[in-house]
*Asks:* 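One structure, pasted below without further comment.
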Amino acid sequence: MNSLLVTLINYYIDFIAILFALAISGVVLGVAAHYFIIGPHGKELVKLPPEIIRMTLLERFTHFFRMVSCVLLALTGIVFATFKVNTLGLSYQWLLKFHVSLGIIFTISSLISIVIYFKPSFFKKYDWEWFKYMGGYLTKKEMHLPAGKLNAGQKVFFWLSGALSVLLIISGDILAFPQNYHINVAMAAALIHGLSALMLFAAVLGHAYLGTAANPGTFQVLLHGKVAREWAKTHHPEWVKELEQSSASGKTAVM
Amino acid sequence: MEKKSKALVALMLAVSVLSTACSSAKPLAPAPNSSAAEAQALDISKAAYVGSQTCISCHSNTIMDSFNKTTHAALFKAATAYPGLNLNQTVTIFDDGNKTKPVKLDLNLAQGDIKGVMADQHLVASLSQSTGFTSDNLGLYRIADLEKEGNAWKLTPAVEKDYDKNGTKDWGVRNYGDCATCHSPGLAAQALQAPGANKLTGGMSCETCHGPGGVHAATGSPAAIAVNEDSCYVCHAGGEKPADLTPEQSCLECHNPHGNARGLMFKEDTLSCESCHESGDSDPHHAVLKAH
C-alpha cells in the first residue's frame, strides 16, 4: 500500500502541472470551438425583462461565495501543486492560510448548495430526452427539450461537483493538518485533492460557459435572481409547468 | 437595482473583507507533532526527488542563501562557476585505474558529460563503459585537476605517468566513484538511480540529507522527510555515532547544517566551544574528521 501510494505520488508530482494545463486548455478550446462552430442558443431571450424568481437570496449568496472561493482555491492550489510559491514571490505560510480560509468559505457554501439543490437534482423520466439530444448543444437548431428547475446536464453537474467538493473538503482537511494523520492517509488525500480539483475546475469552466456565453440571459440571474418567462419556457419548460400548477393551486406565489 | 440586490452585494463585500481579515490574523495549524508522525512506519526510499528549488518554494529561501555559504555547498559546484576554465579543448586521457593495459581516449571536454568540480580541485566527468574506461564502478572519473592562475582557472592532468611507455608523460584520470558518496553524494546517488527516474542533483542539496522529498512536497507531512543526524554519519565520524557522545547528544545540538548568515554550521549565535567542552579540553568527537 505504502509503495503503491509513493509510486502514484511520484507520477502525480511529475504530471499534475501538465494535467492541469491540458484540462484547462482542453475545456477552453472545446468551449471556444462550440461557441464559434455551433454558437449560443436563444439570443433573443437576453432582451426580455426578468419576471420569474429563479434563485432566492440564499441561493445567490451561496453561489457567489462558492464561485469566488472555487476560482481562488483553484488558482492558489495550482501554485502549490506546481511549486511556484517562491517563484511568484509569495509567502508559503500566508498563501496556505489564505487557501485554507478560502477552503472554509468553500466548505460552508458548498454544503448549503448541496442541501438546496439536492432534491431538484433527482433525475426524472423526461431527463432522458434531454440526454438523448445532449441538451441541444450539439446542433445549431433551437431545441426545446424537457427540463425541470434543473436540466439533466445541470443535475449531472450537481452530483459531480457535489461529490468532488466533498472529496476536496475531506482531503483538504487532512492536508491542512497532515501531522495528525498516517502518511498513507496523507498521500491518498494529496492524490484525491489534486485530481478532484483538476476535475472540478474543468467542470466549473464548462459550467461557467454554459451559464454565460452559451445561453444569453442566464448570467443575470446571479445578480437579481429573476429570469424572463420565455427564457424559462425555453430552457426549463417542466419547471414553468410546475410553477403554473403550484400558482394555480395557491401553493406558491413566485410568479 | 432593487433594495434586496443592493443589500446582497453589500453583504457579500462585507463577508469577503471579513474573511480575508480573519485569514491573515489567526495562526492556522498547531506546531507539527513530528514525534508522533515519525513513529509511523514509512518507506519513502522510492519517493521522487524534487530538487532544492521545490523545497524553497515552501521553505524560506534564506535557508538556501546561508547553506550556499557553507563548506557543504562548496563540496561540488558546476564547472561554469570557475572563470576562465577552458572546456573547449580535447585531451588525450588514460585510465589510471586500469593496471592491466593502457586504455586511451581522446576526450572533447565541451562534448563530454562533465558533472562539475569537487572542492575547487577536481573536474569530474562521467565516461560510459563503451569508451573502454571501466575501472570506476559508477563510471565517474577525475578528468583533471584545477589550478588558479591569477583570476583564471586552468586544467592540469589529474595524474601524470607514461602509460603507453613511449618516453613521454601522459594525462591520466583517476576514479571518482568511491569519493562521490561523500564529496558529491548527489552524484553518487544519481549514477545509482535507474534511468528515467527523478535525479538527485550532483552536489549536496536539501535532499542529500533530508531524503527524497516527493511525498513530503505533495502531502506536507513531517513524517515524509528525514530530520535527524543519521545523514551526518553517512560521511562523518567514520559512519557511526562517536562513542564520546551520549545517546541524548546529537550533531544537530551544536551544528545547524543549513549554516548561519556567515555560512558557519556551528551554532555560534547560541553556543560557544565552552558550552560543551571545558577550556583547554580536547575535541574527541571531531578526531575522525581531523585525522581524515
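Please read these numbers as outputs of a predicted model, since none were measured by experiment. Naming convention: chains lettered A, B, ... in sequence-line order (proteins, then strands); numbering from 1 in each chain.
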*Asks:* Is there side-chain contact between B:P222 and A:Q179, with heavy atoms separated by less than 4.5 Å?
*Replies:*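 Result yes, sub-4.5 Å side-chain heavy-atom pair found.
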*Asks:* Nearest 0.5 angstrom please: B:H59 NE2 to A:N86 CG, how far?
*Replies:*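 Taking NE2 in B:H59 and CG in A:N86, the distance rounds to 11.0 Å.
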*Asks:* Say you draw a straight line from CZ of A:F83 to SG of B:C55; how long is it, rounded to the nearest 0.5 Å?
*Replies:*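 Answer rounded to 0.5 Å: 9.0 Å.
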*Asks:* Calculate, to the nearest 0.5 Å, the distance between atoms CG and SG belonging to A:L90 and B:C58 respectively.
*Replies:*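 Going from CG on A:L90 over to SG on B:C58, the span is 11.0 Å.
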*Asks:* Would you indicate whether B:F266, at its atom CZ, is surrounded by more than 12 heavy atoms from other residues, nucleotides or ligands within a distance under 6.0 Å?
*Replies:*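 Buried by this count: over 12 neighbours within 6.0 Å.
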*Asks:* Determine yes or no for a side-chain-to-main-chain donor-acceptor pair under 3.5 angstrom, with B:S57 supplying the side chain and A:V85 the backbone.
*Replies:*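 At least one qualifying donor-acceptor pair exists.
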*Asks:* Work out which heavy atom in A:A190 is nearest to a heavy atom in B:T219; give both atom names and the distance.
*Replies:*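 Result for this residue pair: CB-CG2, 4.0 Å.
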*Asks:* Is the number of heavy atoms from other residues, nucleotides or ligands under 6.0 Å of A:I18 CD1 greater than 12?
*Replies:*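 Open.
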*Asks:* Do you know the tightest heavy-atom contact between B:G220 and A:P178?
*Replies:*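 Taking every non-hydrogen atom into account, O-CG, 3.5 Å.
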*Asks:* Can you check whether B:K46's main-chain N or O pairs, donor with acceptor, with A:N10's side chain at less than 3.5 Å?
*Replies:*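 Answer holds: yes.
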*Asks:* Measure A:A186 against the heavy atoms of chain B and call it side chain, backbone, both or neither at under 4.5 Å.
*Replies:*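 For A:A186, the contact with chain B is made by backbone and side chain together.
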*Asks:* Give, as side chain, backbone, both or neither, the part of A:L175 having an atom under 4.5 angstrom from any heavy atom of chain B.
*Replies:*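 Contact with chain B: backbone and side chain both.
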*Asks:* Would you say A:Y11 has more than 12 foreign heavy atoms packed within less than 6.0 Å of its OH?
*Replies:*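 At most 12 heavy atoms, drawn from other residues, nucleotides or ligands, come within 6.0 Å of this atom.
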*Asks:* Counting C-beta onward and ignoring hydrogens, is there a side-chain heavy-atom pair between A:M187 and B:V215 closer than 4.5 Å?
*Replies:*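 Yes, at least one pair of side-chain atoms sits under 4.5 Å.
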*Asks:* Take a 6.0 Å sphere around CD of A:Q220 and say whether it holds more than 12 heavy atoms from other residues, nucleotides or ligands.
*Replies:*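 Above 12, so yes.
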